[in-house]
Number of protein chains: 2
Amino acid sequence: MSQTVDRALSILPLLAEGPADLGQVADRLGVHKSTALRLLRTLHEHGFVYRQSDQRYRLGARLFALAQEAVENLDVREIAHPHLVRLNEECGHTVHLAVYEENEVLYIDKVESRYPVRMYSRIGKPVAITVAAVAKLLLADLPEAERRAVAEKLDYPTYTSRSTPNAPAFLKELAKVREQGWATDLGGHEESINCVAAPIRGTDGRVVAAMSVSAPNVVVTADELLTLLPSVRRTADAVSREYSGRTPAPDTV
Amino acid sequence: MSQTVDRALSILPLLAEGPADLGQVADRLGVHKSTALRLLRTLHEHGFVYRQSDQRYRLGARLFALAQEAVENLDVREIAHPHLVRLNEECGHTVHLAVYEENEVLYIDKVESRYPVRMYSRIGKPVAITVAAVAKLLLADLPEAERRAVAEKLDYPTYTSRSTPNAPAFLKELAKVREQGWATDLGGHEESINCVAAPIRGTDGRVVAAMSVSAPNVVVTADELLTLLPSVRRTADAVSREYSGRTPAPDTV
DNA sequence: ATGAGTGTTGCAGGGAGTGCAACACGCCTG
DNA sequence: CAGGCGTGTTGCACTCCCTGCAACACTCAT
């Protein structure tokens with residue numbers, strides 16, 4: 001919409017890949033060096049990029065601080081956190097909290113497993129949207145039209161033999177998830193990792209977030225993990241109640 | 001430098017305080033609504049802001065994902081992390097890693113205390129720069145001129161009776177820290193919390209990061225905490241060695 | 001020294017962003 | 001239901017700000 005801003009913002013993901021010098025930035029933006037320089041300067045003044053001692057640019061600290069502030073302001077996260085901790089204390093496995101936003105699902109909170117063998121994940125990382133249990137719950141609740149549109153647009157990488165293969169299969173799975181009110185991912189992302197997830201709803205019943213328990217099957221089998229479903233659902237419901245009670249106007253997140 | 005970009009970027013910290021609608025954004029920027037709208041649209045397209053169901057804007061997920069990616073790419077952090085974990089296993093207290101960047105010191109990694117009573121802090125949060133032990137180490141290593149300039153410019157909030165009161169006192173403290181090669185914060189930020197910190201150096205001997213162990217004095221007295229100084233220094237030195245060995249060109253971070 | 005490779009700085013032209021005013025919409029009130 | 005707010009949105013001229021160029025400064029190699 002705004003050319004200058006558009007270019008400036010395009011620099012950031014570019015630098016996220018790693019530090020780059022002026023020439024590289026200019027090339028990848030397709031603009032003159034002097035133009036890139038001025039954009040970088042503006043970003044620099046705001047602390048969004050940082051200039052290393054070797055003159056190359058990389059993402060700056062302010063960006064990081066901003067993001068932290070943003071995520072801390074998410075109501076659901078704040079409310080859910082103690083519940084996640086309690087669930088973790090109860091079962092010992094990794095507990096995740098995720099939200100949906102603009103074709104992406106991402107973890108906004110996490111409590112680490114207390115077992116030595118842990119699942120790898122990180123807060124802020126976009127989730128494997130076609131297979132993750134939390135993603136299924138969040139997408140299953142979208143309005144029909146949007147759900148179809150999103151499903152069509154997605155890629156369906158075959159992480160494992162049990163990954164969701166394509167849009168129709170995904171939509172079918174979403175229908176099932178929507179019906180039953182909970183979801184699983186049994187080795188669809190990583191062969192040896194299983195998850196079981198439940199939705200968190202706002203006052204209007206819309207799914208605002210989803211939480212899951214994940215564990216590698218060297219620790220517990222899929223069947224054993226499924227026995228945790230009731231406590232996961234109980235926890236999610238408790239969060240829903242608290243969330244609904246506290247927020248007067250229901251936000252999408 | 002670039003007006004449009006400048007304005008657009010100013011929106012982000014503004015939204016970090018909380019969601020805002022178009023009018024509020026326009027007012028605080030001092031521009032016409034239509035201008036603000038176009039800036040917000042551009043930010044939106046890049047996923048930096050998100051539009052809630054009530055039409056208000058807040059910071060978007062991409063921002064968060066970007067920041068995570070950025071911090072994961074920091075070499076020091078990657079190298080230091082296992083060492084921090086080991087130190088935590090050894091002593092049980094909260095371990096922090098911090099860097100300096102453009103008049104700010106911020107935590108880039110943290111291992112939580114294993115004691116029930118913990119110090120509050122968060123990754124990405126700017127550190128109380130005039131009192132924190134890690135901040136002292138990072139600032140003490142700046143070139144004389146810059147160090148003075150920064151010290152003059154800072155505020156000196158009196159968090160407690162033992163907080164650094166003003167620039168001269170701070171510079172004196174920095175000189176001492178520089179001399180001895182380690183630093184402490186004994187109740188300068190929170191009355192009941194003590195820290196002991198050591199520097200991490202790059203190939204050229206410049207301080208690139210600092211790490212600390214913190215504990216409330218209900219868990220250990222300041223004196224007891226000081227007995228950990230040798231292991232903190234040992235750990236920091238180990239990180240320094242590994243970091244120097246691995247990075248061919250020394251970066252400021 | 002000499003050159004290639006950087007990053008940096010005026011400058012003039014024109015395209016891009018700006019503010020205005022008018023419009024569209026939802027929401028409340030009488 | 002009409003009317004009146006308070007929003008967010010769009011078209012359109014004007015002009016200002018951004019752009020690309022070319023020349024300059026600087027640091028490394030060889």
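In what follows, chains carry the letters A, B, and so on, assigned in the order in which the sequence lines appear, proteins first and then strands, with residues in each chain numbered from 1. Computed from a predicted structure; not experimentally measured.
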For A/E17 and A/R28, run salt bridge (charged side-chain N to carboxylate O under 4.0 Å, His left out): C-alpha distance rounded to whole Å, both residues' side-chain angles, the deciding distance at 0.1 Å, then the answer. CA-CA 13 Å; A/E17 297 169 19; A/R28 293 202 42 187; 3.1 Å; yes

Taken to the nearest whole Å, CG/A/L22 to P/C/dT8 is 7 Å

Review point. Does A/Y156 have its ring centroid less than 6.0 Å away from the ring centroid of A/F170?
Key: yes

Contact under 4.0 Å: A/R7 side-chain N or O vs D/dT19 OP1/OP2: yes

To the nearest 10 degrees, the angle between the two end axes of the helix from C/dG3-D/dC28 to C/dG30-D/dC1 (five pairs per end) comes to 40°

Assign each of B/T35 and A/L37 the nucleotide of DNA chain C bearing its closest heavy atom; nearer the 5' end lies the nucleotide of A/L37

Exercise. Between the side chains of B/R58 and B/Y50, is a donor N or O closer than 3.5 angstrom to an acceptor N or O?
Worked result: no

Rounded to whole Å, CG of A/L40 lies from P of C/dT6 at a distance of 15 Å

Value for CZ (B/R38) from OG1 (B/T4), rounded to nearest 0.5 Å, stands at 11.0 Å

Of the candidates D/dG20, D/dT19, C/dT9, the side chain of A/Q3 sits closest to D/dT19

Next item on the list: Salt-bridge test for A/R62 and B/E101: reply yes if a basic N is under 4.0 Å from a carboxylate O, no otherwise.
Entry: no

When rounded to whole Å, the CZ to P distance for the pair B/R56 and D/dG8 reads 11 Å

Item to complete: Would you mind reporting whether B/K110 and B/L97 have side-chain heavy atoms less than 4.5 Å apart?
Response: no

note: A/H32, atom NE2; C/dC11, atom P; distance rounded to Å ~ 17 Å

Can you say whether a donor on the side chain of B/T4 sits under 3.5 Å from an acceptor on the base of C/dG17, or the other way round?
no

With the side chain defined as heavy atoms from C-beta on, A/S34 is closest, among C/dT9, D/dT10, C/dG7, to C/dT9

Between OH of A/Y57 and P of C/dG7 the distance, given in whole Å, is 7 Å

note: A/L39, atom CG; D/dT19, atom C1'; distance rounded to Å ~ 10 Å

When rounded to whole Å, the CG to P distance for the pair B/D27 and C/dG19 reads 13 Å

Atom CG of B/L29 and atom C1' of C/dT18 are separated, to the nearest Å, by 13 Å

Q) With a non-hydrogen cut-off below 4.0 angstrom, is A/S2 in contact with a base, only sugar-phosphate, or nothing? A) sugar-phosphate

Is there a donor-acceptor pair under 3.5 Å between the side chain of B/Q24 and the backbone N or O of B/D21?
yes

Determine whether any donor atom in the side chain of B/K33 lies under 3.5 Å from an acceptor atom in the base of D/dG8, or the reverse, and answer yes or no.
yes

Ranking B/R38 and B/D21 by the position along DNA chain D of their nearest nucleotide, the one closer to 5' is B/D21

Open item on the list: Just N and O in the side chain of A/R41: are any of them under 4.0 Å from OP1 or OP2 of C/dT9?
Closed with: yes

Interatomic distance, CZ@B/R147 vs CG@B/L138, rounded to 0.5 Å, equals 13.0 Å

Of the candidates D/dT19, C/dT8, C/dT18, the side chain of A/R51 sits closest to C/dT8

